[in-house]
Amino acid sequence: MALSDSATNSREMRSRAVRRLAMILVLVAVVVPGALLYGILIPSYLRGRDSSPILDVAVETVEPADQLEMILRAADMGNKTVIMTTLNDAWTEPGSVLDLFLESFRIGNGTSQLLNHLVFITMGQKAHERCTSMRGHCFDLNTKGANLSEQKDYNTPGYLDITWQRLDFQRQVLEKGYDFIFTDTDILWFRNPLPHFYSQGDFQVSCDRFFGNATDLENWPSNGFNYVRSNNRTISFFKYWYSARTKYPQDHDQAVFNYIKHDAYLRELGLTIRFLDSKYFHGLCEIRSRDWDAVCTMHANCRIGLSSKLSELRGMLEEWKKYISGNHS
Ligand SMILES: *[C@@H]1O[C@H](CO)[C@@H](O)[C@H](O)[C@H]1NC(C)=O
Ligand SMILES: *[C@@H]1O[C@H](CO)[C@@H](O)[C@H](O)[C@H]1NC(C)=O
Ligand SMILES: *[C@@H]1O[C@H](CO)[C@@H](O)[C@H](O)[C@H]1NC(C)=O
Ligand SMILES: *[C@@H]1O[C@H](CO)[C@@H](O)[C@H](O)[C@H]1NC(C)=O
Ligand SMILES: *[C@@H]1O[C@H](CO)[C@@H](O)[C@H](O)[C@H]1NC(C)=O
């Protein structure tokens with residue numbers, strides 16, 4: 001009796017174990033790849049904000065040092081190129097800069113698919129939560145994983161520190177072998193800018209004022225938008241740039257770039273610098289009027305205060321909508 005009971009029990013246990021195994025296999029074989037594909041192929045921004053993050057499970061199981069690598073690989077355009085932006089808590093509020101930035105990608109011409117390749121470097125908890133809730137490619141700069149030169153800077157909120165952290169982070173992306181397009185979040189994307197990068201040029205930067213000659217160091221650079229190719233010259237250049245911080249402790253990265261752009265060291269490196277034409281990469285500092293038939297990106301810079309910036313951004317979006325509807329009627 002006891003023997004047959006225990007045989008029945010063990011048979012039942014075995015068949016239960018088999019069923020459970022089968023369920024796990026189905027999960028692994030169907031649900032997980034499906035979920036991953038869904039996460040990777042369909043831009044989260046097009047799926048809406050509130051979907052629960054699926055990819056997080058995979059992300060949490062890898063070493064912090066590899067997180068950057070994983071995120072870059074997921075965001076890659078296929079030739080080791082990614083787009084990056086930094087995100088702080090304030091600009092993540094509903095109706096704030098981030099929403100207008102994302103809207104431009106949606107209503108721009110051929111820009112919505114670029115969101116698949118956009119990495120958000122988050123600099124605050126709210127920003128990171130918003131990013132993961134829309135299942136973007138999110139890298140949390142404030143916690144683990146970032147190999148910043150001065151780790152003690154992590155939690156200092158100052159703007160100066162943020163621009164330098166950003167620069168230091170960009171150097172790491174170059175060291176991983178990725179080219180990147182960096183864009184501030186207060187830059188609207190109306191057309192794909194990639195066709196307008198120069199075929200030559202390690203470091204290509206937009207301008208507050210562009211005087212017509214792409215190689216002339218006298219252009220006024222605006223480091224809120226740049227395109228950087230990964231190679232030994234740019235890696236050395238980013239290290240040099242970062243280290244120049246100690247010489248100019250009061251200045252942010254863009255001002256310091258302006259001081260060092262003539263340095264012999266950059267010539268010795270053989271670094272090629274190109275200034276992007278404000279016809280395609282426009283901003284509010286530029287006095288040249290904007291050309292809606294050409295413009296790819298529009299920077300709401302040279303405005304003091306968030307509310308002024310927001311009203312400029314909204315105005316640009318309205319103008320673009322008008323331009324687009326006028327064009328097609
Ligand atoms: C990388 O791929 C993108 C998308 O296909 C393309 O626009 C860009 O020109 C490529 N970059 C290089 C350096 O070939
Ligand atoms: C949008 O892109 C398409 C395809 O590249 C082009 O034919 C069209 O002229 C563009 N429209 C505008 C308003 O730029
Ligand atoms: C961190 O960055 C430094 C400076 O570039 C580099 O020498 C070091 O190997 C990096 N460490 C890791 C773990 O990537
Ligand atoms: C553009 O600037 C470079 C560097 O200053 C200079 O050598 C070159 O002659 C300039 N080209 C034109 C067309 O002015
Ligand atoms: C840097 O140079 C070394 C030696 O010349 C080369 O092996 C390496 O691939 C280069 N790295 C990059 C990112 O170009």
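Just the heavy atoms: all of them, side chains too, but no hydrogens, waters or symmetry mates, feed the values below.
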*Tell me, with the steps shown, if Y259 and Y248 meet ring pair (Phe, Tyr, Trp, His ring centres under 6.0 Å).*
CA-CA 9 Å; Y259 304 143; Y248 308 98; 4.5 Å; yes
Least distance between heavy atoms, [X] atom then [Y] atom:
{"X": "T272", "Y": "G201", "answer": "OG1-CA, 3.4 Å"}
{"X": "A90", "Y": "S96", "answer": "O-OG, 3.6 Å"}
{"X": "R303", "Y": "S308", "answer": "CB-OG, 3.4 Å"}
{"X": "I71", "Y": "C138", "answer": "CD1-O, 3.0 Å"}
{"X": "D216", "Y": "F275", "answer": "O-CE1, 3.3 Å"}
{"X": "T111", "Y": "N192", "answer": "CG2-N, 3.7 Å"}

*Check whether more than 12 heavy atoms from other residues, nucleotides or ligands sit under 6.0 Å from atom NZ of K322, and answer yes or no.*
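Check fails, neighbour count at 12 or below.
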_Looking at Q200, I want to see if its CD is surrounded by more than 12 non-hydrogen atoms of other residues, nucleotides or ligands under 6.0 Å._
no
_Counterpart residues, side-chain hydrogen bond (donor to acceptor under 3.5 Å, both in side chains), relative to N219 (two or more places apart)_ = none
Does some side-chain heavy atom of [Y] sit less than 4.5 Å from a side-chain heavy atom of [X]?
{"X": "D202", "Y": "V228", "result": "no"}
{"X": "T132", "Y": "H128", "result": "yes"}
{"X": "L118", "Y": "T85", "result": "yes"}
{"X": "F190", "Y": "C296", "result": "no"}
{"X": "D208", "Y": "Q254", "result": "yes"}
{"X": "Q170", "Y": "F180", "result": "yes"}
{"X": "F169", "Y": "T86", "result": "no"}
{"X": "Y265", "Y": "I260", "result": "no"}

When you group the ILVMFWY residues by side-chain heavy-atom contacts below 4.5 Å and let the links chain together, are [Y] and [X] in the same group?
{"X": "F211", "Y": "F281", "result": "no"}
{"X": "W220", "Y": "Y198", "result": "no"}
{"X": "L271", "Y": "Y240", "result": "yes"}

Tell me whether [X] contacts the main-chain N or O of [Y] through its side chain, where contact means a donor paired with an acceptor under 3.5 Å.
{"X": "T246", "Y": "S243", "answer": "yes"}
{"X": "N231", "Y": "T234", "answer": "yes"}
{"X": "T122", "Y": "L87", "answer": "no"}
{"X": "E286", "Y": "F210", "answer": "yes"}
{"X": "R191", "Y": "V295", "answer": "yes"}
{"X": "S230", "Y": "L174", "answer": "yes"}

*Assess whether side chain to side chain contact (heavy atoms under 4.5 Å, CB included) is satisfied between V205 and S222, documenting all intermediate values.*
CA-CA 7 Å; V205 63; S222 169; 5.7 Å; no
_Show, in sequence, the C-alpha distance, side-chain angles and deciding distance for L276 and H196, and conclude whether the side chain to side chain contact (heavy atoms under 4.5 Å, CB included) test is met._
CA-CA 8 Å; L276 295 166; H196 297 286; over 6 Å; no
*Can you tell me which residue pairs pass the salt bridge (Lys or Arg N to Asp or Glu O under 4.0 Å) test with a partner in residues 259-285, sequence neighbours excluded?*
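Salt bridge (Lys or Arg N to Asp or Glu O under 4.0 Å) check on residues 259-285 returns D277-R288.
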*What do the steps show when you test R209 against E218 for salt bridge (charged side-chain N to carboxylate O under 4.0 Å, His left out), and what is the final call?*
CA-CA 9 Å; R209 294 286 305 283; E218 297 312 317; over 6 Å; no
Does [X] come within less than 4.0 Å of [Y], counting only side-chain N to carboxylate O?
{"X": "R314", "Y": "E318", "answer": "no"}
{"X": "D99", "Y": "R130", "answer": "yes"}
{"X": "D179", "Y": "K80", "answer": "no"}

*Could you walk me through whether H282 and T297 pass side chain to side chain contact (heavy atoms under 4.5 Å, CB included), step by step?*
CA-CA 6 Å; H282 205 269; T297 61; over 6 Å; no
Measure the spacing between [atom1] of [X] and [atom2] of [Y] and express it to the nearest 0.5 Å.
{"X": "T215", "Y": "N213", "atom1": "OG1", "atom2": "CG", "value": "4.0 Å"}
{"X": "L317", "Y": "M298", "atom1": "CG", "atom2": "CE", "value": "10.0 Å"}
{"X": "I121", "Y": "L141", "atom1": "CD1", "atom2": "CG", "value": "7.0 Å"}
{"X": "F238", "Y": "I235", "atom1": "CZ", "atom2": "CD1", "value": "10.0 Å"}
{"X": "T92", "Y": "M123", "atom1": "OG1", "atom2": "CE", "value": "11.5 Å"}
{"X": "T81", "Y": "H117", "atom1": "OG1", "atom2": "NE2", "value": "9.5 Å"}

*Apply side chain to side chain contact (heavy atoms under 4.5 Å, CB included) to the pair H137 and L72, showing each step before the final yes or no.*
CA-CA 8 Å; H137 304 293; L72 292 173; over 6 Å; no
*asked:* So, applying side-chain contact (heavy atoms from CB on, under 4.5 Å) with R171, which one of L167, V173, D168 is it?
replied: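 Per the side-chain contact (heavy atoms from CB on, under 4.5 Å) rule, the option paired with R171 is D168, out of L167, V173, D168.
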_Given L284, I304, L100, D186, the one that forms side-chain contact (heavy atoms from CB on, under 4.5 Å) with K309_ = D186
*Strictly by modelled atom types, are Y242 and D253 linked by a side-chain donor-acceptor pair under 3.5 Å?*
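Per modelled atom types, Y242 and D253 side chains form no pair under 3.5 Å.
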*Could you check F203 against F257 for ring pair (Phe, Tyr, Trp, His ring centres under 6.0 Å), going step by step and ending with a plain yes or no?*
CA-CA 11 Å; F203 179 75; F257 171 65; 5.2 Å; yes
*Between F105 and F101, how do the two ring planes meet: parallel, tilted or perpendicular, split at 30° and 60°?*
perpendicular
*F182 ring center near Y227 ring center (under 6.0 Å)*: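 Between F182 and Y227, the centre distance exceeds or equals 6.0 Å.
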*Is the distance between the ring centroids of W189 and F225 less than 6.0 Å?*
yes
